[in-house]
Amino acid sequence: MHRAVTDWFDDAARDLPWRDPSCSPWGVMVSEFMLQQTPVVRVLPVWRAWMQRWPRPADLAAESTGEAVRAWGRLGYPRRALRLHAAAVEITEHHGGRVPAAHELLLALPGVGAYTAAAIAVFAFGDRQTVVDTNIRRVHARVVTGRALPSRSLTAAELRLAEELMPADDALAVRWNQAVMELGALVCTARSPRCEQCPVRDACAWVAAGRPEPVEAPRGQAWHGTDRQVRGAIMAVLRAGSAPVPAPSLTGPVDVGTGAGLAPEALRALDALHGLGAPEEQRRRALDGLLRDGLAAAGPSGVSLPG
DNA sequence: GAGCCGTGGTG
DNA sequence: TCACCAAGGCT
């Protein structure tokens, strides 16, 4: 399998800037933050602009968190921007401005969990670490375990399996991790896997079993009418303009009449927020959450991005 | 472990 | 149309 999958990878791998040998560990780290729950195609332009503007951790650390959140744009989960900023500050203050190479030190950074720490150690520093992301879990579930999809949460058995499957050689292990992840992203996809293109289809337990259906029905992510949706709409308003937005125009009735001084984009975003028809109480709760999380800041003239 | 946290593409 | 899904992390 090592040979089949890595050979396939050599031929099919996407040409991504954070995979270029010239990419700095910081570039790899930024990509890993942005790629958390976010597809590659949406990350690419934001990553390029980000690296252009803040080529080193210290460059980002010198900025306000609000600027980080604004540059994050519409990638989603804007708290990731806060965590990336906080990690940059920590790297600047405690690691001499360089992304640490040790898995343990990486894990201690804000926003860096088991996956991201392993990914940075492997892809930026060539370590032999076990990387387990959603793609790798799915490939293992199918090829080895014969199931359509992995369970909802990562199990100790999966971790053990991933360790056992990894090549002993350091350099090969790096490519293996990269290759299995890519296989899951391009061929062994969740919805409509392209088994005819798979380099290990003849060894796949799931194919051999006749591609049985998933045992667990996926749990849908509620969206319409949730606080998340309202939070997102408020964030869109704050990102759209630099001028503070009076809190009542965010949480109050539509006809509050406080549009003066706001950029046209901000007004459009404000219309979208009101268009949701969310109750005032919910909008206030959402705004409080954003303030508490540090995604928004309250000033004398209204609410804006922090900093 | 479950719930929460954004956004846009897609089958 | 609409639920599912995407290189997770934190509480």
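Numbers restart at 1 for each chain; the letters A, B, ... are given by sequence-line order, proteins then strands.
Using a 4.0 Å heavy-atom criterion, one finds that A:W18 contacts the bases of the nucleic acid, with or without backbone contacts as well. Within the 4.0 angstrom heavy-atom criterion, base atoms lie near A:L16. Nucleic acid contact for A:A190: sugar-phosphate only, since backbone atoms but no base atoms lie under 4.0 Å from a heavy atom of the residue. Within the 4.0 angstrom heavy-atom criterion, base atoms lie near A:R14. Backbone-only contact: A:T134 has heavy atoms under 4.0 Å from sugar-phosphate atoms and none from a base.
Distance check on atom P: C:dA7 versus B:dT10 gives 14 Å, rounded to whole Å. C:dG9 and B:dG8 have their P atoms separated by 23 Å, with the value rounded to a whole Å. Only the P atoms considered, C:dC4 is 15 Å distant from B:dG3, to the nearest whole Å.
Side-chain N or O atoms of A:R83 include none that pairs as donor or acceptor with a backbone N or O of A:P110 at under 3.5 Å.
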Base contacts versus sugar-phosphate-only contacts with protein, heavy atoms under 4.0 Å: please encode nucleotides 4-11 of chain B as B, S and - from 5' to 3'.
-BBBSBBS

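Here A:R137 pairs with A:E158 under the salt bridge (Lys or Arg N to Asp or Glu O under 4.0 Å) rule; sequence neighbours left out. Listed by chain and number, the residues in a salt bridge (Lys or Arg N to Asp or Glu O under 4.0 Å) with A:R56 are A:D59 (sequence neighbours excluded).
Under a cut-off of 6.0 angstrom, the local environment of CG in A:D11 is sparse, with at most 12 non-hydrogen atoms contributed by other residues, nucleotides or ligands. By the 6.0 Å contact criterion, CZ on A:R211 is enclosed, its count of non-hydrogen atoms from other residues, nucleotides or ligands being greater than 12. For A:R14, the CZ atom sits in a packed shell: over 12 heavy atoms of surrounding residues, nucleotides or ligands are nearer than 6.0 Å.
Taking Ile, Leu, Val, Met, Phe, Trp and Tyr as hydrophobic and joining them when side-chain heavy atoms fall under 4.5 Å apart, one finds A:M166 in a cluster with A:M1, A:V5, A:W8, A:F9, A:V28, A:Y115, A:V122, A:F123, A:V131, A:I136, A:V139, A:V143, A:V144, A:L161, A:L165, A:V174, A:W176, A:V180, A:M181, A:L183, A:L186, A:V187, A:V200.
Residue A:T116 places at least one side-chain N or O under 4.0 Å from the OP1 or OP2 atom of C:dG9.
The CG atom of A:L82 sits 9.5 Å away from the CH2 atom of A:W72 when rounded to the nearest 0.5 Å.
Only at 4.0 angstrom or more do the heavy atoms of residues 161-177 of chain A sit from any atom of DNA chain B, so none qualifies.
Pairs of residues two or more places apart, or lying in two chains, never qualify as side chain to side chain donor-acceptor pair (under 3.5 Å) while including a residue from residues 262-281 of chain A.
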